[in-house]
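Have a look at the structure below, then the notes.
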2 protein chains.
Amino acid sequence: MSATIREVAAAAGVSTATVSRALRGLPYVDEVTRKRVVETAQRLDYVASPSASRLASGRTGTIAVLTPYVARWFFATVISGVAMALTEGPLDLLLVEVGNPDRPSTVPLEQRLRSRADGAVVVALPDTYPEISQLIEHDFPLTLVGSLSDRVSSVAINDAETGRLATQHLINLGHREIGLISGATSDESFTAQDDRTNGYHDALTRSGIPAHPALTAYGAFTREGGERAMVELLSREVQPTAVFCLSDEMAFGAMIAMRRQGLTPGIDIALVGVDGHPQSELANLTTVAQPVAEMGRLAAVALQDRLNNAEKYEPRQTAMSVELVVRSSSAPPKGN
Amino acid sequence: MSATIREVAAAAGVSTATVSRALRGLPYVDEVTRKRVVETAQRLDYVASPSASRLASGRTGTIAVLTPYVARWFFATVISGVAMALTEGPLDLLLVEVGNPDRPSTVPLEQRLRSRADGAVVVALPDTYPEISQLIEHDFPLTLVGSLSDRVSSVAINDAETGRLATQHLINLGHREIGLISGATSDESFTAQDDRTNGYHDALTRSGIPAHPALTAYGAFTREGGERAMVELLSREVQPTAVFCLSDEMAFGAMIAMRRQGLTPGIDIALVGVDGHPQSELANLTTVAQPVAEMGRLAAVALQDRLNNAEKYEPRQTAMSVELVVRSSSAPPKGN
DNA sequence: AACAATCTAGTAAGCGTTTGCATGAAGGAG
DNA sequence: CTCCTTCATGCAAACGCTTACTAGATTGTT
């Protein structure tokens with residue numbers, strides 16, 4: 001079908017070794033020769049067979065994105081950031097679903113990656129997640145986005161700070177009964193989730209506000225979950241005048257739940273989310289925005305760095321700064 | 001690092017040929033032998049090297065997803081549908097950005113795919129798109145989702161019907177000045193865009209309503225674009241009492257534009273979108289919903305079908321049915 | 001002018017599978 | 001009992017590159 005390196009070599013009057021070197025920009029090739037080879041290759045519409053070069057070199061020229069979800073906004077946006085970083089170079093992007101509780105995979109992750117990718121960007125999974133942890137132990141090059149690690153490079157926001165920021169904002173508005181819509185129930189907790197929650201408690205403590213356990217509900221980081229969590233909160237004895245949602249999507253769900261009961265966000269109950277989801281503007285949701293695509297891009301860059309500096313490399317943590325975007329979903333409590 | 005087929009062969013006391021056959025479930029292997037080989041492979045933690053097997057077999061075991069965007073809801077959801085279909089089998093998913101006007105790629109698509117994927121699912125690009133068309137001519141196995149083709153299999157909704165449905169709904173409510181927020185200006189038009197527009201005109205014509213060109217604006221299928229388009233419509237001489245947006249995201253933008261001018265969707269101007277975007281519920285947007293993830297899944301299945309039946313295969317068009325979801329963004333015109 | 005260092009290029013041995021072909025064993029038909 | 005299939009397996013040649021290693025040609029040094 002397509003020309004082989006041998007044909008190019010023959011046509012250019014050199015050996016295949018020279019063609020290989022010339023086309024990959026390696027040294028020790030005369031510029032005149034290189035030019036001739038490049039032109040010949042172009043003329044013959046030659047493209048090196050990835051399978052062959054991978055087999056011979058041991059490198060795959062591929063990086064995988066390991067993510068529990070591909071359609072959810074945060075995840076999709078990270079992926080697009082990674083894709084962005086890769087369009088520059090010649091690397092392929094292998095998409096692998098990992099850690100989606102609804103879709104458990106039968107094949108061990110390590111096997112699905114072995115000889116398929118040189119490294120991977122891991123989205124929103126902690127380094128303690130079994131399969132990820134295993135990869136790290138096998139020295140498989142990894143970069144995390146959305147959760148911190150001291151074992152591999154990672155890029156994330158300061159989640160504790162994020163939690164404090166959101167909560168402090170509500171406190172500043174005069175709220176004292178501040179609810180929390182968290183993600184998963186504690187056993188399967190993300191780093192991000194725990195840290196944001198700590199930030200929330202921290203802010204309360206600093207202001208001398210006792211944290212009331214009955215003000216917490218879990219929304220699984222989904223809109224539907226947020227909706228249920230809000231319904232639950234509204235049915236509790238203690239009523240919050242404000243609720244901090246650990247993600248915008250859950251906040252959207254909370255809004256729907258409120259609306260269904262004739263309540264208005266920002267009037268009856270103040271709401272703050274986290275993410276800077278594009279829809280937060282339309283929904284008038286106050287949120288702590290994070291640069292998601294950029295985080296994906298940086299993670300990919302860091303990974304490439306790691307791959308190019310096989311030796312002298314050490315994990316680096318990148319903390320992105322967040323921004324509180326105030327909208328009408330957060331306002332002083334009714335009485336004020 | 002990992003065991004090779006030769007080691008497995010040696011350990012199992014057979015030739016590499018037998019190991020290969022046994023592990024892939026090919027015939028002409030005694031069940032007893034197969035079992036022994038499988039166990040040995042497992043014990044040695046053997047996984048066939050993809051590069052080697054690709055090189056030797058000529059098949060890549062990979063399917064690509066060709067998409068202009070990865071983070072936008074529609075696209076991300078199609079991708080997740082494809083991923084869903086692939087988790088069943090052993091196929092890899094290669095993500096390739098194509099046709100994103102903001103990020104033109106330097107390498108020809110055909111070269112980026114050659115020997116990298118056995119086939120591809122194309123998202124929302126028409127078969128007339130140059131690079132896609134070229135792939136089709138090269139007999140590269142393709143399946144389209146979101147646009148129709150008689151050259152390759154495709155799965156899409158009936159866009160004309162969708163346009164009619166949305167428009168007829170507005171007409172039924174009593175509207176006569178019905179605006180249109182379209183996508184790209186006609187030169188770079190999608191099949192979907194044209195068909196939905198035709199459906200819109202069709203519905204108008206059937207009801208004897210003249211289509212007024214000043215009632216159309218273009219929103220590039222983005223929220224920001226929809227916002228601008230709405231601003232533009234509101235500045236025109238003829239004022240619509242209802243607007244049909246070719247996508248939900250543009251409708252969201254339109255809502256923002258309206259709100260900024262103190263107008264309320266469904267009260268001042270009725271709005272209908274297309275997609276069934278998860279946020280349409282929160283936004284109270286009337287929309288024509290399509291089963292996006294399912295479409296992606298079906299496209300992937302169709303592609304696998306095509307790959308397995310090299311010979312006796314012919315393009316098949318799958319039309320998904322849509323559903324009008326009425327919410328408060330669409331209501332009778334003010335006067336009524 | 002002799003010798004070392006640096007370029008340039010070719011030779012050929014892999015890389016780890018798949019698969020066409022050959023071989024022998026086993027079972028059935030006549 | 002012989003011949004023909006059908007099975008089960010092995011042999012070895014690809015598949016199309018990359019990359020030591022080798023060697024000659026240049027260039028620079030003293």
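In this text, all values refer to a predicted model and were calculated from it rather than measured experimentally. Residue numbers start from 1 in every chain, and the chains themselves are labelled A, B, ... in the order their sequence lines are given, proteins ahead of strands.
For B:A56, the side-chain atoms get nearest to D:dC15 when compared with the rest of D:dC15, D:dT18, D:dA8. The side chain of A:T4 lies closest to D:dC17 when the candidates are C:dT17, C:dA9, D:dC17. For A:A17, the side-chain atoms get nearest to C:dT11 when compared with the rest of C:dT11, C:dT18, D:dT18. Which of C:dG16, D:dC11, C:dT18 sits closest to the side chain of B:S57 comes down to C:dT18. Listed candidates were C:dT18, D:dC21, C:dC7. Nearest to the side chain of A:Y28 is C:dC7. Side-chain proximity of B:T33 to D:dA8, C:dA9, D:dG10: nearest is D:dA8. Of the listed nucleotides (D:dT18, C:dG20, C:dG10), C:dG10 has the atom at the smallest distance from the side chain of A:V14. The listed nucleotides are C:dG16, D:dG10, D:dC17; the one nearest the side chain of B:A52 is C:dG16. Picking from D:dA8, D:dC17, C:dT18 the nucleotide with the shortest atom distance to the side chain of B:T16 gives C:dT18. Nearest nucleotide to the B:S49 side chain, out of D:dT9, D:dC17, C:dT17: C:dT17.
Residue order along DNA chain D, read from the 5' end via each residue's closest nucleotide, puts B:R34 first among A:R21 and B:R34.
Residue-level contact check: B:S51 touches neither bases nor backbone, having no heavy atom under 4.0 Å from any strand.
For the 3.5 Å distance criterion, the side chains of A:R306 and A:T143 fail to qualify, holding no donor opposite an acceptor. Under the 3.5 Å distance criterion, with hydrogens and angles disregarded, a donor-acceptor pair is assigned to the side chains of B:R151 and B:S133.
For the pair B:R59 CZ and C:dT18 P, the computed distance is 9 Å after rounding to whole Å. For B:E31 and D:dC7, the CD to P distance is 13 Å, given to the nearest whole Å. Here D:dT27 presents its C1' atom at 14 Å from CG of A:D30, a figure rounded to the nearest Å. Summarising the geometry, the separation between CZ on B:R36 and P on D:dA8 is reported as 13 Å, rounded to the nearest angstrom. Per the geometry, CG belonging to B:L23 stands 14 Å off C1' belonging to C:dG16, to the nearest Å. Following rounding to the nearest Å, B:L55 (CG) and D:dC17 (P) show an atom-to-atom distance of 9 Å. Nucleotide C:dT19 holds its C1' atom 19 Å from the CZ atom of B:R54, rounded to whole Å. Atom-to-atom, CG of B:L26 to C1' of D:dT9 comes out at 13 Å; the value is rounded to the nearest Å.
Atom CG of A:L298 sits about 12.5 Å away from atom CG of A:L303, to the nearest 0.5 Å.
Side-chain N/O atoms of B:R24 include one lying less than 4.0 angstrom from OP1 or OP2 on C:dT19. Under 4.0 angstrom from either OP1 or OP2 of C:dT17 there lies no side-chain N or O belonging to B:S53.
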Side chain to side chain contact (heavy atoms under 4.5 Å, CB included) between B:E131 and B:L66, worked out: CA-CA 11 Å; B:E131 306 200 88; B:L66 275 27; over 6 Å; no
A:V14 vs A:R21, side chain to side chain contact (heavy atoms under 4.5 Å, CB included): CA-CA, chis, key distance, verdict: CA-CA 11 Å; A:V14 298; A:R21 292 189 197 106; over 6 Å; no
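Between B:D92 and B:L86, the shortest heavy-atom distance links the atoms O-CD1, 3.9 Å.
Interface remark: the A:R6 side chain does not form any donor-acceptor pair with the C:dG10 base, using a distance-only criterion of under 3.5 Å.
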